[in-house]
Amino acid sequence: MRSDSTRSWSGRSSCLKTGEASTAGFSLVELMITLAVLAVLITLAVPSFTSLINSNRLAAQSNELVAGLQEARIEALRANRRVTLCRSSNGVDCEAGATWPGWVTIADSNGNGTIEASDTRLRSSKIKVPLQVTSTAHSLTFRADGMVRDANGVLVTNTFSVCIPTTQPAQNKRAITLAGGSRVAVTTPEGNGVCP
């Protein structure tokens with residue numbers, strides 16, 4: 001049996017003959033054209049990704065606020081006591097103000113209608129920058145019947161505005177409306193890139 005030292009497993013010669021050029025790899029021109037096409041594609045795709053990321057941020061923050069409102073209402077019904085969702089910068093105390101840096105949900109342990117240190121903190125949440133949440137009310141208190149009423153017993157209607165200061169996407173706002181004391185709806189109002 002004869003052994004051929006110039007043969008490889010594929011049957012091709014493993015040595016290059018004199019004058020033969022290697023065809024493996026890319027030429028410099030091919031590599032530069034590939035990089036130019038890639039740069040154009042990235043330039044076109046980045047604004048779309050930015051818009052998608054911002055839309056997802058708006059949706060996530062809106063959903064978190066809706067979940068907070070629903071949780072407060074369900075806890076008020078379940079435990080037959082008042083539960084307050086209020087503006088809070090530290091996640092512990094309720095504070096007045098139109099712009100919400102975050103919120104806290106507090107169960108009124110003794111049912112006296114005022115927030116005290118002995119009351120149970122159920123949940124707190126921080127607003128993720130650059131999102132902004134504003135509301136005309138600094139707190140909403142769900143009563144044992146699951147409704148939010150004012151001091152005169154009238155059902156409360158309140159709107160939260162969730163906004164991101166950008167034109168990508170063009171609809172940079174979400175409105176979360178609490179109507180009739182308990183119904184929550186999310187809408188997308190016209191945006192102009194500016195937050196209130």
Side-chain angles (χ1 to χ4, degrees), residues 54-116 119-167 169-196:
N54 288 337
S55 290
N56 286 340
R57 286 177 177 170
L58 281 168
Q61 190 65 69
S62 299
N63 290 340
E64 189 174 351
L65 186 53
V66 168
L69 289 165
Q70 296 291 4
E71 179 185 43
R73 181 175 185 269
I74 289 168
E75 179 61 21
L77 287 166
R78 185 191 67 78
N80 196 29
R81 63 181 174 185
R82 292 174 185 250
V83 176
T84 300
L85 182 130
C86 61
R87 177 194 187 278
S88 178
S89 59
N90 61 10
V92 177
D93 302 311
C94 290
E95 304 159 344
T99 302
W100 288 42
W103 67 84
V104 63
T105 308
I106 301 170
D108 187 359
S109 302
N110 57 13
N112 65 357
T114 59
I115 309 270
E116 300 164 339
D119 291 337
T120 308
R121 268 70 179 164
L122 300 175
R123 180 179 176 168
S124 65
S125 181
K126 286 270 190 198
I127 306 299
K128 284 92 179 165
V129 175
L131 291 163
Q132 298 174 14
V133 176
T134 56
S135 174
T136 53
H138 67 272
S139 69
L140 297 169
T141 300
F142 289 89
R143 295 185 181 187
D145 63 356
M147 302 291 190
V148 179
R149 299 178 189 275
D150 65 13
N152 299 323
V154 178
L155 292 174
V156 170
T157 297
N158 184 68
T159 300
F160 293 92
S161 173
V162 179
C163 181
I164 187 165
T166 184
T167 56
Q171 288 143 343
N172 65 324
K173 297 178 185 176
R174 299 292 184 274
I176 300 153
T177 304
L178 177 75
S182 66
R183 291 187 312 274
V184 178
V186 180
T187 57
T188 306
E190 288 297 321
N192 56 5
V194 179
C195 293

Review item, side-chain donor-acceptor pairs of residues 177-189, under 3.5 Å, at least two apart:
unit_1 : atom_1 : unit_2 : atom_2 : d
Thr177 : OG1    : Thr159 : OG1    : 3.4

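- Distance CG/Asn54 to CG/Asn172: 9.0 Å, rounded to 0.5 Å.
- Sequence neighbours left out, the pairs with a member in residues 57-98 that pass disulfide (SG to SG under 2.5 Å) are Cys86-Cys94.
- Applying the ring-ring contact (aromatic ring centres under 6.0 Å, His included) rule to pairs touching residues 119-159 yields nothing, sequence neighbours excluded.
- Residues passing the side-chain contact (heavy atoms from CB on, under 4.5 Å) test with Arg78, sequence neighbours excluded: Glu75.
- The closest side-chain heavy-atom distance from Ile127 to Gln132 is not below 4.5 Å.
- Counting only distance, with no hydrogens or angles, the side chain of Arg73 and the backbone of Gly146 share a donor-acceptor pair below 3.5 Å.
- The minimum heavy-atom distance between Ala96 and Arg87, with the atom names listed, is O-NH1, 3.4 Å.
- Arg57 pairs by the salt bridge (charged side-chain N to carboxylate O under 4.0 Å, His left out) definition with nothing, not counting sequence neighbours.
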Would you give me the side-chain donor-acceptor pairs under 3.5 Å for residues 149-157, sequence neighbours excluded?
unit_1 : atom_1 : unit_2 : atom_2 : d
Arg149 : NH1    : Gly153 : O      : 3.2
Arg149 : NH2    : Asp145 : OD2    : 3.2
Asp150 : OD1    : Asn152 : N      : 2.9
Asp150 : OD1    : Gly153 : N      : 3.1
Asp150 : OD1    : Val154 : N      : 2.9

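- Within the structure, every pair that satisfies the side-chain hydrogen bond (donor to acceptor under 3.5 Å, both in side chains) test and touches residues 60-69, not counting sequence neighbours, is listed here: Glu64-Ser125, Glu64-Lys128.
- Taking every heavy atom of both residues into account, Ser55 and Pro169 meet most closely at OG-CG, 3.3 Å.
- A distance of 10.5 Å separates CZ of Arg143 from OG1 of Thr84, quoted to the nearest 0.5 Å.
- The stretch residues 185-196 participates, sequence neighbours left out, in no salt bridge (Lys or Arg N to Asp or Glu O under 4.0 Å) pair at all.
- Contacts of Arg174 classified as salt bridge (charged side-chain N to carboxylate O under 4.0 Å, His left out), with partners at least two apart in sequence or in another chain: none.
- Closest of all the heavy-atom pairs between Ser88 and Val104 is CB-CG1, 3.8 Å.
- Here Ala137 pairs with Ser135, Leu140, Asn158 under the side-chain contact (heavy atoms from CB on, under 4.5 Å) rule; sequence neighbours left out.
- For Thr134, the side-chain contact (heavy atoms from CB on, under 4.5 Å) criterion is met by Thr99, Ser161, Pro196, not counting sequence neighbours.
- Proximity of a side-chain donor or acceptor of Arg123 to a complementary backbone N or O of Thr105 within less than 3.5 Å is not detected.
- There is a side-chain donor-acceptor pair under 3.5 Å between Ser89 and Glu95.
- For the atom pair Ile106 CD1 and Asp119 CG, the distance stands at 7.0 Å (nearest 0.5 Å).
- Identified under the ring-ring contact (aromatic ring centres under 6.0 Å, His included) test for residues 65-110, with sequence neighbours left out: Trp100-Phe160.
- The heavy-atom pair separating Ala144 from Asn80 by the smallest distance is CB-OD1, 3.0 Å.
- Put simply, CG on Leu65 and CD on Gln70 are 10.5 Å apart, with the number rounded to the nearest 0.5 Å.
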